[in-house]
Amino acid sequence: MANDASTVFDLVILGGGSGGYAAALRGAQLGLDVALIEKDKVGGTCLHRGCIPTKALLHAGEIADQARESEQFGVKATLEGIDIAGVHKYKDGVVAGLYKGLQGLVASRKVTYIEGEGRLSSPTSVDVNGRRVEGRHVLLATGSVPKSLPGLEIDGDRIISSDHALVLDRVPKSAIILGGGVIGVEFASAWKSFGTDVTIVEGLKHLVPVEDENSSKLLERAFRKRGIKFNLGTFFEKAEYTQDGVKVTLADGKQFEAEVLLVAIGRGPVSQGLGYEEQGVAMDRGYVLVDEYMRTNVPTISAVGDLVPTLQLAHVGFAEGILVAERLAGLKTVPIDYDGVPRVTYCHPEVASVGITEAKAKEIYGADKVVALKYNLAGNGRSKILNTTGEIKLVQVKDGAVVGVHMVGDRMGEQVGEAQLIYNWEALPAEVAQLIHAHPTQNEALGEAHLALAGKPLHAHD
């Protein structure tokens, strides 16, 4: 293995997704000599096979729905159909523009970018393209891939993953989606907007099961109204091919048939065969174990992003990568409060939250110490104009701070920024109620909810 002994980087990063490139950019900004190794394209899952392309599909679906529903706003329009090639051109254009910008950023920060499949070869080196890249510290950021179940083979044709769904050359007439989490409900929403007959199969008792139960129920009600079918509380047993599609059987014997089956049960870490265990890195079920500063049990190795068992969100990867870069540069760092991370599911309607659920709050503080308030968007002028329904639910420790904000409705993802400040700054309802929110905005609904929680409701009943 060739080794340029004259070059020892301050930081060698294996993986150029959200966590890896954020660490590279911040590290270089702080004066570290950084090498970034990526086998595919910088930007990783989020930019190329996740956040960005799926949201582009969802926006195209939103345009289709607006065309269908335009007459209720006094606008005469017709939907002639979905040009899936045109949708992909739009989606790929968004991705390409962001990719080009990111490449420029990496180059401008003087990061040494190495394209190739790397493997951890020692606690301070990565082998790639027949070369040994040495560093004082190594950051593992190899991300994740779609998971499946034992005996359920993803063939890329009838049984597909989210990767395949993003490049599908047709709008399926019917689809079964295995998994009612973020990925499942987002594809269900987009495909329904495109005209697909969709059925979600979720083994747990609610859609988006990690959200507050009230949010799950509101989403289920909205999906019923949209004609998105779902079966909850019974686990998958098997899938088999039919003459022209797939048949899914559940544990209770119930069966569903469709043109395609999308397996959306989550994503698993990419760690096998990369030398982690050989170098003594502690692992659990494929995940690399880290402390609150993203340090592994090997002093010269850190890990971030989907590779570690934290929230699988691009913005979490960004934060973790920045934390590692700043720690290595000698800056004072603060561990991430994962409850304080905003979470958004971009289906129609959107589900957004920050903080803890009402159930979790009761578990921590006691049922008699928790106050919950729901503010219906029916009382919000802007939501009325947009013809969206939903709620904002606040969870408060009695006579104390707001510890959870849970929102369902179109564009609620855009409101989670203020909700994040409310939670992370441990705001009291009365403090938020003092702030004047612009009228008419959906953001105003957050202010109105806090007015009500502070005991002085305006556009809400006592």
Side-chain angles (χ1 to χ4, degrees), residues 46-98 146 154-180 182-201 207 219 222-230 242 244-246 248 256-264 344-351 386-388 410-411 413:
C46 170
L47 178 53
H48 300 286
R49 297 175 299 280
C51 319
I52 301 301
T54 53
K55 278 48 173 183
L57 283 186
L58 282 156
H59 184 61
E62 183 184 353
I63 300 298
D65 287 333
Q66 286 176 344
R68 284 189 194 96
E69 298 160 8
S70 64
E71 203 162 325
Q72 63 181 291
F73 302 101
V75 177
K76 292 187 180 296
T78 55
L79 178 66
E80 293 182 17
I82 303 296
D83 171 15
I84 197 64
V87 170
H88 286 316
K89 183 180 178 184
Y90 151 67
K91 166 180 67 71
D92 295 343
V94 172
V95 171
L98 290 169
I154 294 174
D155 61 22
D157 179 25
R158 299 189 196 184
I159 302 176
I160 63 175
S161 71
S162 56
D163 288 356
H164 303 116
L166 282 169
V167 295
L168 207 59
D169 61 358
R170 67 195 188 280
V171 175
K173 289 185 176 63
S174 58
I176 299 164
I177 298 178
L178 182 58
V182 173
I183 297 169
V185 300
E186 287 189 350
F187 273 102
S189 188
W191 276 346
K192 181 63 182 178
S193 296
F194 289 162
T196 304
D197 181 17
V198 179
T199 302
I200 303 170
V201 172
L207 296 179
L219 180 63
F223 270 19
R224 281 190 203 98
K225 195 173 178 183
R226 289 187 63 194
I228 297 173
K229 299 184 285 284
F230 47 88
T242 60
D244 52 5
V246 185
V248 167
F256 301 92
E257 290 192 34
E259 183 184 326
V260 295
L261 167 63
L262 169 61
V263 181
V344 186
T345 304
Y346 293 86
C347 49
H348 167 52
E350 290 183 353
V351 180
L386 294 170
N387 198 31
T388 186
D410 289 345
R411 306 189 186 184

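Position 1 is the first residue of the sequence; numbering continues from there.
Residues that satisfy the side-chain contact (heavy atoms from CB on, under 4.5 Å) test with D92, not counting sequence neighbours, are H88. Every residue meeting the side-chain hydrogen bond (donor to acceptor under 3.5 Å, both in side chains) condition with D155, not counting sequence neighbours, appears here in chain and number order: Y241. Contacts of F187 classified as ring pair (Phe, Tyr, Trp, His ring centres under 6.0 Å), with partners at least two apart in sequence or in another chain: W191. Considering only residues two or more places apart in sequence or on other chains, S161 meets the side-chain hydrogen bond (donor to acceptor under 3.5 Å, both in side chains) condition with H164. Residues passing the side-chain contact (heavy atoms from CB on, under 4.5 Å) test with Q72, sequence neighbours excluded: E69, N387. In this view, D244 satisfies the side-chain hydrogen bond (donor to acceptor under 3.5 Å, both in side chains) rule with no residue, not counting sequence neighbours. Scored by the salt bridge (charged side-chain N to carboxylate O under 4.0 Å, His left out) test, K229 finds D197 as partners (sequence neighbours excluded). Applying the side-chain contact (heavy atoms from CB on, under 4.5 Å) criterion to S193, with sequence neighbours excluded, gives D65, R226. The side-chain contact (heavy atoms from CB on, under 4.5 Å) check on V87 picks up L57, A60, I82, I84, F194, with sequence neighbours excluded. For K192, the side-chain hydrogen bond (donor to acceptor under 3.5 Å, both in side chains) criterion is met by no residue, not counting sequence neighbours.
Between the side chain of S70 and the backbone N or O of A67 there is at least one donor-acceptor pair closer than 3.5 Å.
Residue pairs meeting the ring pair (Phe, Tyr, Trp, His ring centres under 6.0 Å) criterion with at least one partner in residues 46-80, sequence neighbours excluded, are H48-Y99.
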Determine all donor-acceptor pairs shorter than 3.5 Å in which one atom belongs to a side chain in residues 166-177; sequence neighbours excluded.
{"from": "R170", "atom 1": "NE", "to": "E259", "atom 2": "OE2", "distance (Å)": "2.7"}
{"from": "R170", "atom 1": "NH2", "to": "E259", "atom 2": "OE2", "distance (Å)": "3.4"}
{"from": "S174", "atom 1": "OG", "to": "E259", "atom 2": "N", "distance (Å)": "2.9"}

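With contacts defined as side-chain heavy-atom distances shorter than 4.5 Å, the pair L58/S189 qualifies.
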